[in-house]
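Position 1 is the first residue of the sequence; numbering continues from there. All heavy atoms count here, side chains included; hydrogens, waters and symmetry mates do not.
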Amino acid sequence: MRSEQLARQLATRLAPLYTIHGDEAFLAQEAAQAVRDAARQAGHAEREVLTVEAGFSWSRLALLGNSFSLFADKKLIELRIPTGKPGVEGAKAIEAYCADLPPDTITLVQLPKLDRAGQNAKWFQALATHGDVVEAKAIDRNALPGWMRERFGAQGQTLALDALDFLADRVEGNLFAAHQEILKLGLLYPQGEITLAMLTQTIADVARYDVFQLGEALLGGDATRFCRMLDGLRAEGEAPHLVLWAMSEEIRALYRIGQGRARGVPMPQLFKENRIWGNKQRLIDGALSRVGGSALRDGLARAARIDRLVKGIGDGDAWDELQRLGLTIMGRAA
């Protein structure tokens, strides 16, 4: 289930085993706390935490599951695997534990984001078969206003659309900050609508950007967001060569897709060959309508010149040139 579905599930029943994984730290932390709270309310007063580190003995998991509690009839066992890789011994221990879950015990397993191979592993499938799996999936920019709208609604407040967009721009990529701002506005203003004017008086710009999010802004033609992200990455000390690599990959993929489409190659095949997944696929047609093959070739040549600037060869500011490159690819006058 998605993390936002967990609260509804916990209100109806408490499973003996929960596994939380995903790349959104705030949602993973929130989901784990929700399980702890529900377990405590159900009488699981004793809590044991196992963290898998170097030298960890997997026999502790079985011993803890089979031991009797001295202080409470019910207990909560937390198993944290920061690397997401239990190893051969750990995999067998997890499978054996799942096959014979201890009575009167809630087990909470916490993992980072797992790739497809990790989710297909026998030990993870054992967790999924014998319990509930919660995925703390990242909230992208398009989904962020809806996510915030639900949070505001829970505290009896609403935001106008322009206010929601304004707030989303300033907390993008930082759900911890988004959560804090929502709570702060709940304390500062009564229930009802919060306008953009009210919002601008109190909100802080706490957005954190990932260099790989630039591609979505580039393909979407959102010049304002692209420039804001570029400024944010520069302020955070991101390396310009990594930004250049990410942009060059998008430009190169766009050029290849344009060539392939002209030859009549099916778009699904082109997406697969150029590793275009998820939301980016729906942005390709619009991107190709804004920029032609010659402009994309020129863009790649400009990227090569920026690469020399990053290495200290030539005159100019690499960040300024990265902005000009992006605006050109989006069909905007630099």
Side-chain angles (χ1 to χ4, degrees), residues 23-24 137-149 160-173 207-234 238 240 242-306 319-334:
D23 52 5
E24 181 48 69
K137 199 169 185 179
I139 306 295
D140 62 23
R141 176 60 180 81
N142 291 331
L144 187 55
W147 182 84
M148 293 191 299
R149 187 183 295 111
L161 290 178
D162 57 351
L164 268 176
D165 283 337
F166 178 86
L167 180 56
D169 286 341
R170 279 145 187 81
V171 299
E172 180 183 2
R208 291 178 59 191
Y209 299 115
D210 185 321
V211 65
F212 299 104
Q213 295 174 324
L214 272 177
E216 187 175 326
L218 188 67
L219 296 177
D222 191 340
T224 301
R225 183 181 178 221
F226 173 82
C227 292
R228 183 168 55 245
M229 293 176 71
L230 204 60
D231 288 342
L233 289 167
R234 184 176 188 175
E238 186 60 82
L242 183 58
V243 176
L244 175 61
W245 172 83
M247 291 177 59
S248 298
E249 285 292 294
E250 300 294 351
I251 296 170
R252 193 172 292 110
L254 197 59
Y255 180 65
R256 290 171 178 166
I257 291 173
Q259 286 185 313
R261 189 172 69 170
R263 296 195 304 268
V265 180
M267 291 298 285
Q269 179 181 336
L270 292 172
F271 287 150
K272 183 177 181 180
E273 291 175 351
N274 291 278
R275 300 186 298 279
I276 301 295
W277 316 112
N279 290 334
K280 285 185 180 179
Q281 293 184 355
R282 62 181 178 78
L283 301 176
I284 293 296
D285 283 342
L288 289 175
S289 69
R290 287 188 297 270
V291 61
S294 60
L296 291 170
R297 286 194 299 272
D298 291 343
L300 291 173
R302 177 176 286 187
R305 291 195 295 271
I306 298 174
W319 287 99
D320 289 343
E321 292 302 320
L322 285 169
Q323 185 181 74
R324 293 190 181 96
L325 173 60
L327 292 173
T328 300
I329 296 302
M330 288 185 282
R332 304 297 184 94

Step by step, would you call Val171 with Met148 a side chain to side chain contact (heavy atoms under 4.5 Å, CB included)? CA-CA 10 Å; Val171 299; Met148 293 191 299; 4.1 Å; yes

For a 4.5 angstrom cut-off between non-hydrogen side-chain atoms, does [X] reach [Y]?
{"X": "Asp165", "Y": "Arg141", "value": "yes"}
{"X": "Met229", "Y": "Val243", "value": "no"}
{"X": "Leu283", "Y": "Ile276", "value": "no"}
{"X": "Arg252", "Y": "Leu300", "value": "yes"}
{"X": "Glu238", "Y": "Leu230", "value": "no"}
{"X": "Met330", "Y": "Val291", "value": "no"}
{"X": "Pro240", "Y": "Ile306", "value": "no"}
{"X": "Asn142", "Y": "Glu216", "value": "yes"}

Pairwise distance [atom1]([X]) to [atom2]([Y]) - rounded to 0.5 angstrom:
{"X": "Tyr255", "Y": "Ile329", "atom1": "OH", "atom2": "CD1", "value": "12.0 Å"}
{"X": "Leu218", "Y": "Ile251", "atom1": "CG", "atom2": "CD1", "value": "6.0 Å"}
{"X": "Leu144", "Y": "Arg149", "atom1": "CG", "atom2": "CZ", "value": "10.5 Å"}
{"X": "Leu219", "Y": "Ile284", "atom1": "CG", "atom2": "CD1", "value": "5.0 Å"}
{"X": "Gln259", "Y": "Leu254", "atom1": "CD", "atom2": "CG", "value": "11.0 Å"}
{"X": "Leu244", "Y": "Glu321", "atom1": "CG", "atom2": "CD", "value": "11.0 Å"}

Between Trp319 and Asp231, is the side chain to side chain contact (heavy atoms under 4.5 Å, CB included) condition met? List the steps. CA-CA 9 Å; Trp319 287 99; Asp231 288 342; over 6 Å; no

Stepwise salt bridge (charged side-chain N to carboxylate O under 4.0 Å, His left out) check, Arg225 with Glu172: CA-CA 11 Å; Arg225 183 181 178 221; Glu172 180 183 2; 2.3 Å; yes

Take Asp298 and Thr328 through the side chain to side chain contact (heavy atoms under 4.5 Å, CB included) test and state the conclusion after the steps. CA-CA 10 Å; Asp298 291 343; Thr328 300; over 6 Å; no

Would you name the heavy atoms of [X] and [Y] that are closest together and state the gap between them?
{"X": "Gln323", "Y": "Cys227", "value": "NE2-SG, 3.6 Å"}
{"X": "Ala223", "Y": "Leu327", "value": "CB-CD2, 3.8 Å"}
{"X": "Ile257", "Y": "Phe271", "value": "CD1-CD2, 4.3 Å"}
{"X": "Leu164", "Y": "Pro145", "value": "CD2-O, 3.8 Å"}
{"X": "Leu322", "Y": "Phe226", "value": "O-CZ, 4.0 Å"}

May I ask you to check whether over 12 heavy atoms, not counting those of Arg282, lie within 6.0 Å of atom CZ?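 Yes, because the 6.0 Å sphere around CZ of Arg282 holds more than 12 heavy atoms from other groups.
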
Assess the residue pair Arg228 and Asp222 against the criterion (salt bridge (charged side-chain N to carboxylate O under 4.0 Å, His left out)); give the C-alpha distance rounded to whole Å, side-chain angles, the decisive distance to 0.1 Å, and a yes or no. CA-CA 10 Å; Arg228 183 168 55 245; Asp222 191 340; 5.8 Å; no

Step by step, would you call Met267 with Gln281 a side chain to side chain contact (heavy atoms under 4.5 Å, CB included)? CA-CA 9 Å; Met267 291 298 285; Gln281 293 184 355; over 6 Å; no

According to the side-chain hydrogen bond (donor to acceptor under 3.5 Å, both in side chains) rule, which pairs have a member within residues 263-273, sequence neighbours left out? Gln269-Glu273

